[in-house]
Amino acid sequence: MHLTKEEERIYEGEEGWTKKKAMEILVAIGDINNASELIPIASAHMSGVSYKTIGDAFEFINRLEGTVEVKSTLNPMGMDRELWSEMNITKEFANKQTAVFTAYKNLGIAPVCTCIPYLLEGGAPQKGVHIAWSESSAVLYANSVLGARTNMEGAPSALAAALIGKTPLYGLHQTENRAPEIRICASCDLADADYSALGFLIGELVGNRIPLIELPSIPSKDELKHLSAAIGATGSVGLYHIRGLTPEAWDTPAEKIGVEEGDVTKFYAGAEEADVIAIGCPHCSSLELQQIHKLLRVEGKGRKVKKDFFIFTARAIKQRMQELVILIENYGVKVICDTCFVVSPAFEQYKRVLTNSGKMMRYVPLLSRGAEVRLCKTKECVRAAF
Ligand code: F3S
């Protein structure tokens, strides 16, 4: 990979150890992927924040000095920074998690601790802009719905890109690598968690091939968020297109797979016997909080929930929706920020989890001691709580 004189100076360590290490990571990735050069990025988003998943690897982040070169945001960590003592979190974990959080913050990374940076004020990248994001659900949303350009970065490469302000030019940064390779035609009407089920299925079907998805109706932003998260959970692709909706238009690929109602509904399981309800993977938007509140009113009729019920959202959204959050919590539901059911150790005691999230369906059994996850529409999830 070609480096400019300035980049070579950094590579040789003339701007200090931190930048040297970051440049070494970018050069190694660029060389493996035959990148011709580094290109400037507008923002970076960092995963690998929860002490549950990163462990003591954070000692490396602690050694880094200076600050990031571009606007950078953090994914969820392992606990709510304000409510952790009310969660099932040990003091030892809290101390370690605070150290990880502080290490990232000291580098100038905005501690938003959410997987929906694109829904925060000023957080959505423009079409065609190059970024370096990790967190598969956010990568798929940024590439597919917003038309920004990012590869599926890992925690180290996103951090390295943030520290240099550049990323290697390869993969989804290049127009020729963004063409759809397979066509998915869904003939059934879809709504709500159907998009979690559809995304789960599409990820399994396409593997690493970019799909062009044809749908009978236009999904909402929240439905696209769930579709993105579920495709990212089961597939290894960082981009999809939806005919007539997503920003890039392409010729139709020859290979086609049809999806019918039964292919989607087969993912649904009964809501009975769940011991916890968890909504907010990816983190809930303001609109989803409003919808959940409406459902609580209808299904609850003034009663409190009988099962543990958690909603996960971004702190900025919880603060903006403070009054509504109080109304939701009056039903006995807990609205948690900075973390989620998957990356926090606080929820590992549950055995049967009810959710509207396809991503949780994939990751909770892997990361939460084999807990069983049942997918339901949001309305069924709320109804099951009473
Ligand atoms: Fe976000 Fe956690 Fe799900 S990071 S996408 S809520 S697994």
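Read the numbers this way: they start at 1 and go in the same order the structure lists the ligands and their atoms. We number each residue from 1, following the sequence as shown.
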Check: Relative to each other, are the rings of Trp250 and His241 parallel, tilted or perpendicular (30° and 60° limits)?
Finding: tilted
Next item on the list: Evaluate the criterion side chain to side chain donor-acceptor pair (under 3.5 Å) for residue pair Asn356 and Tyr195; output intermediate values, then yes/no.
Entry: CA-CA 9 Å; Asn356 60 359; Tyr195 285 97; over 6 Å; no
Validation: residues 69-77 side-chain donor-acceptor distances under 3.5 Å, sequence neighbours left out:
residue, atom, partner, partner atom, Å
Glu69, OE2, Lys19, NZ, 2.7
Lys71, NZ, Gly122, O, 2.7
Ser72, OG, Val70, O, 2.8
Thr73, OG1, His45, ND1, 2.8
Asn75, OD1, His45, NE2, 2.9
Asn75, ND2, Glu135, OE1, 3.0

Next item on the list: If you link ILVMFWY side chains whenever their heavy atoms are less than 4.5 Å apart, which other residues fall into the same cluster as Ile164? By chain and number, please.
Entry: Met1, Leu3, Ile10, Tyr11, Met23, Leu26, Val27, Leu38
Next item on the list: List nothing but the number: protein N/O/S atoms under 2.8 Å from atom 1 (Fe) of ligand 1.
Entry: 1
Margin query: Just checking Phe310 against Phe341, ring centres under 6.0 Å apart?
Written below: no
Next item on the list: Please write out which residues are connected to Ile39 in a hydrophobic cluster, directly or through intermediates, given that two of Ile, Leu, Val, Met, Phe, Trp, Tyr count as joined at side-chain heavy-atom separations below 4.5 angstrom.
Entry: Leu169
